[in-house]
Amino acid sequence: MIRAHTAATVREAEEPLLAAGEPLMARAACALTTEVARELRARGNRVSGSSVLLLVGGGNNGGDALHAGAHLARRGCQVRAALLTDRPHPAGLSAARGAGVRLHHVLQAEDVAGAVLDLAGRADVWVDGLLGIGARGGLREPLAGAVAALAEERAAWPVEPLVLAVDVPSGIGVDDGTIPGPVLPADVTVTMGTAKPGLLLPPAAGLAGRVEVVDLGLGLDALAPAACTLTATDVADLLPVPGPEDHKYTRGVLGIAAGSHAYPGAAALTATGALRTGLGMIRYLGPEVPTGLVRTRHPEVVTVPGRVQAWVLGPGTAPDDAARMEELAEHLGEAARTGVPAALDAGALALLHEETELTGPAVLTPHAGELAQLLTARGEAVTREEVSAAPARHARLAAEITGGTVLLKGATTVVAAPHGPLYAQHDATPWLATAGSGDVLAGVLGALLASYGDVIADGGDVLAGLPATLAATAAFLHGRAARLAAGLPAEPAPTAGAGVPITATDVADALPAALRTIPR
Ligand SMILES: NC(=O)C1=CN([C@@H]2O[C@H](COP(=O)(O)OP(=O)(O)OC[C@H]3O[C@@H](n4cnc5c(N)ncnc54)[C@H](OP(=O)(O)O)[C@@H]3O)[C@@H](O)[C@H]2O)[C@H](O)CC1
Ligand SMILES: [K+]
């Protein structure tokens, strides 16, 4: 699991170490130096002789960069420092000066951005040490103008420089992953002590490049993270494996109320997603046409009512289908009465547009537009664009308002419960943007909820966070299956190539292959 902690938590953890004279900044600077050298060599450049530009702000983030610049100068790099502050870190400045780093007081230039661009044009490496966890809001001028110019020019450069961010790309929302102003996208972010939520949460996470965490001995492992990302090892621990005493009822029965005359196929896709993920049995309840489709695709699906350990409500239904909404509301009521978890997708989300309080464990699976509709219906008027610009904040808000867990679908899936860590899963591929993939995801989630349904129903508050963990697991499996179906490697890799178009059925059919890549 990749665990991220807020700026305030990091400061609290740093305090006693700094008071005890621990050389945190020296450790940070060494780690930065090592990463720059590694990346230069990986690009076929010699360290000695390479040119490095330090972008230096007025706080300790700039101090890290100046100390790293001094180390690099001593290793033969030509290092320049663009001081975008009139009070650079004193010890860092003296170390840099002592090592022969050339200092440029660019604030004195008439055109600060132009002066920075001029220095940048001559550098193989740009080290972004403008702002770290001390950021308040988006970058202010003149840093904003300089960074906007660098970000724009970078793509036009004949040979793109290596951009390395110190702690975080300057100007991102460190704790919420927003992008409040200009940010220089990084190839590598060397983050100090622990990952920050802004390095996991979209959209800022997309600007961080590869994230390397430097161990500063902050001792945060025992502390619940503010945000986290599940890895294959974490998912392996969560995937149920039946034992000799198990039978279909102990493995979990999933009720699926999905599909309609207008969208019958969703019922089959949801059932396929659930079956390929693994569970005891499915009870499908719906209109004649989707029922016939499900029976044909999956004769093992039972189509009569009975006890279930979880529900999936809503794929392939629309809020204007009053009769279907009535049926979904009844199933939601039954789930609440029995305390088993329910996944609410598509039309079923409209059941929460009223002030109904969810009384049982539920996982909502909206995309940004559906979340904007739900929040607006519940008095928090927002647009799809506002949700996409701050997905974590809006997912958490919806979880607090409804009492449910929210799995917000997107290029990165964000999961928020009313309390506890946020999850950010970056496992997917843009090829997932195809009809029916949400239906398959609902089935994957339903199978996991059914496997743990009795545990969740009996677990009470102790296991209140389990639906969120299972939702993040579903996103992980769904994204990994899509990658494999598209001919991409299971683990996202920048050099993986484009992959090929896929259908929702391909994703469902690739779930067993995805499960086989999990070390169990
Ligand atoms: N504490 C340590 O020894 C270690 C810290 N690490 C590194 O330090 C930074 C955190 O350093 P800090 O000095 O707390 O803050 P920053 O350097 O991130 O930024 C403070 C300066 O930035 C200015 N600022 C704040 N917001 C903005 C903005 N929106 N636009 C422009 N400038 C901004 C602020 O100026 P003010 O006038 O607002 O005060 C400061 O000048 C951490 O990220 C690590 O990199 C070490 O790694 C570990 C040891
Ligand atoms: K930075």
Side-chain angles (χ1 to χ4, degrees), residues 4-36 53-69 81-93 95 107 112 125-148 150-151 163-175 178-199 204 207-209 211-218 220:
H5 294 277
T6 62
T9 301
V10 171
R11 285 195 189 289
E12 213 176 302
E14 275 180 354
E15 225 166 83
L17 298 175
L18 292 168
E22 287 286 327
L24 299 186
M25 191 166 279
R27 280 188 207 138
C30 281
L32 283 166
T33 307
T34 305
E35 197 54 43
V36 169
L53 175 64
L54 309 175
L55 299 166
V56 178
N60 290 321
N61 196 249
D64 287 351
L66 286 166
H67 280 293
L83 303 177
L84 282 105
T85 171
D86 47 17
R87 43 191 169 75
H89 188 273
L93 191 65
L107 291 187
V112 173
V125 183
W126 302 349
V127 176
D128 170 7
L130 293 172
L131 212 45
I133 58 172
R136 281 186 302 287
L139 280 177
R140 296 192 301 261
E141 291 301 350
L143 279 65
V147 162
L150 284 172
V163 178
L164 186 138
V166 178
D167 208 15
V168 292
S170 300
I172 67 164
V174 174
D175 288 350
T178 55
I179 303 176
V183 175
L184 178 61
D187 297 297
V188 184
T189 294
V190 178
T191 193
M192 311 309 172
T194 176
K196 310 321 181 277
L199 301 178
L207 302 178
V211 176
E212 294 292 338
V213 179
V214 182
D215 182 5
L216 293 180
L218 300 186
L220 291 171

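Just follow the structure's listing: the first ligand is 1, and inside any ligand the first atom is 1.
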* Using a heavy-atom cut-off of under 4.0 Å, does the side chain or the backbone of M192 touch ligand 1, or both, or neither? -> side chain
* Asked: Which bit of T85 gets closer than 4.0 Å to ligand 1, counting heavy atoms only: side chain, backbone, both or neither?
  -> neither
* Enclosure of E141 CD (heavy-atom neighbours >12, cutoff 6.0 Å) -> yes
* Identify the closest protein heavy atom to atom 10 (C) of ligand 1: which residue and atom is it, and at what distance? -> I133 CG1, 3.7 Å
* Asked: Backbone, side chain, both or neither: what part of N60 comes under 4.0 angstrom of ligand 1, heavy atoms only?
  -> both
* **M25 side, atom CE; L66 side, atom CG - distance, nearest 0.5 Å** => 9.0 Å
* **CA sep, side-chain torsions, deciding dist, call: V190, D64, side chain to side chain contact (heavy atoms under 4.5 Å, CB included)** => CA-CA 11 Å; V190 178; D64 287 351; over 6 Å; no
* Polar side-chain atom of N61 near backbone of L131 as donor-acceptor pair, under 3.5 Å -> yes
* Structure fact -> Rounded to the nearest 0.5 Å, the CD1 atom of I172 sits from the OG1 atom of T178 at a distance of 8.0 Å
* Any non-hydrogen atom of R27 lying under 4.0 Å from ligand 1? -> no
* Work out which heavy atom in L220 is nearest to a heavy atom in T194; give both atom names and the distance. => CD1-CG2, 3.7 Å
* Indicate yes or no: does an N/O atom of G132 lie under 3.5 Å from an N/O atom of ligand 1? => yes
* Nearest-0.5 Å distance, CG of residue L164 to CG of residue L55 -> 11.0 Å
* **Closest protein heavy atom (residue, atom, distance) for atom 31 (C) of ligand 1** => R140 N, 3.6 Å
* To do: Identify the heavy atoms of A186 and A165 that sit nearest to each other, and give their distance.
  => CB-CB, 3.8 Å
* **Shortest protein heavy-atom distance from atom 43 (O) of ligand 1, along with the residue and atom involved** => D167 OD2, 2.6 Å
* Decide whether an N or O pair under 3.5 Å exists between G138 and ligand 1. => yes
* Between A146 and L84, what is the shortest heavy-atom contact and its length? -> CB-CD2, 3.9 Å
* Shortest protein contact, atom 15 (O) of ligand 1 (heavy atom only) -> G134 CA, 3.4 Å
* Give the atoms of ligand 1, by number and element, whose distance to some non-hydrogen atom of E14 is under 4.0 Å. => 1 (N), 4 (C), 5 (C), 48 (C), 49 (C)
* Heavy-atom contacts with G58 under 4.0 Å: which atoms of ligand 1 show up? List them by number with element. => 41 (O)
* Are any of the heavy atoms in G57 under 4.0 Å away from ligand 1? -> no
* **Given T189, T6, D167, the one that forms side-chain hydrogen bond (donor to acceptor under 3.5 Å, both in side chains) with K196** => D167
* Asked: Quick one: does R11 get a heavy atom under 4.0 Å from ligand 1?
  -> yes
* To do: Would you sort out whether V166 and M192 count as a side chain to side chain contact (heavy atoms under 4.5 Å, CB included), showing the intermediate values?
  => CA-CA 8 Å; V166 178; M192 311 309 172; 4.2 Å; yes
* To the nearest 0.5 Å, what is the distance between CG (N60) and NE2 (H67)? -> 9.0 Å
* Of the protein's non-hydrogen atoms, which lies at the shortest distance from atom 24 (N) of ligand 1, and what is that distance? -> L131 CD1, 3.3 Å
* Report yes or no: does E14 contribute a side-chain atom to a donor-acceptor pair with the main-chain N or O of L18 at less than 3.5 Å? => no
* To do: Please report which non-hydrogen protein atom sits nearest to atom 3 (O) of ligand 1, along with the residue it belongs to and the distance in Å to one decimal place.
  => L18 CD2, 3.4 Å
* Asked: Considering all heavy atoms of both residues, which atom of L32 and which atom of A68 are nearest to each other, and what is their separation?
  -> CB-CB, 3.8 Å
* Structure fact -> Here the atoms of ligand 1 under 4.0 Å from any heavy atom belonging to G137 are 29 (N)
* Structure fact -> From the list L150, V163, D128, L207, side chain to side chain contact (heavy atoms under 4.5 Å, CB included) with P185 holds only for L207
* Structure fact -> closest protein heavy atom to atom 9 (C) of ligand 1 is N61 N, 3.6 Å
* Structure fact -> Near the K ion (ligand 2), meaning under 3.4 Å, the protein N/O/S atoms are N61 OD1, D128 O, L131 O, V166 O, V168 O, S170 OG
* Considering non-hydrogen atoms only, spot the tightest contact between A208 and P169 and give its length. => CA-CG, 3.9 Å
* Structure fact -> Per-atom filter on ligand 1: closer than 4.0 angstrom to a heavy atom of L24 are 49 (C)
* Structure fact -> So for D64 against ligand 1, with non-hydrogen atoms under 4.0 Å, the contacting part is side chain
* Asked: Near A28, which atoms of ligand 1 are under 4.0 Å from a heavy atom of that residue?
  -> 47 (O)
* To do: If you have a sec, work out which protein heavy atom is nearest atom 39 (O) of ligand 1 and how many Å separate them, to one decimal?
  => R136 NH2, 3.2 Å
* Identify the heavy atoms of L54 and G69 that sit nearest to each other, and give their distance. => CD1-CA, 3.7 Å
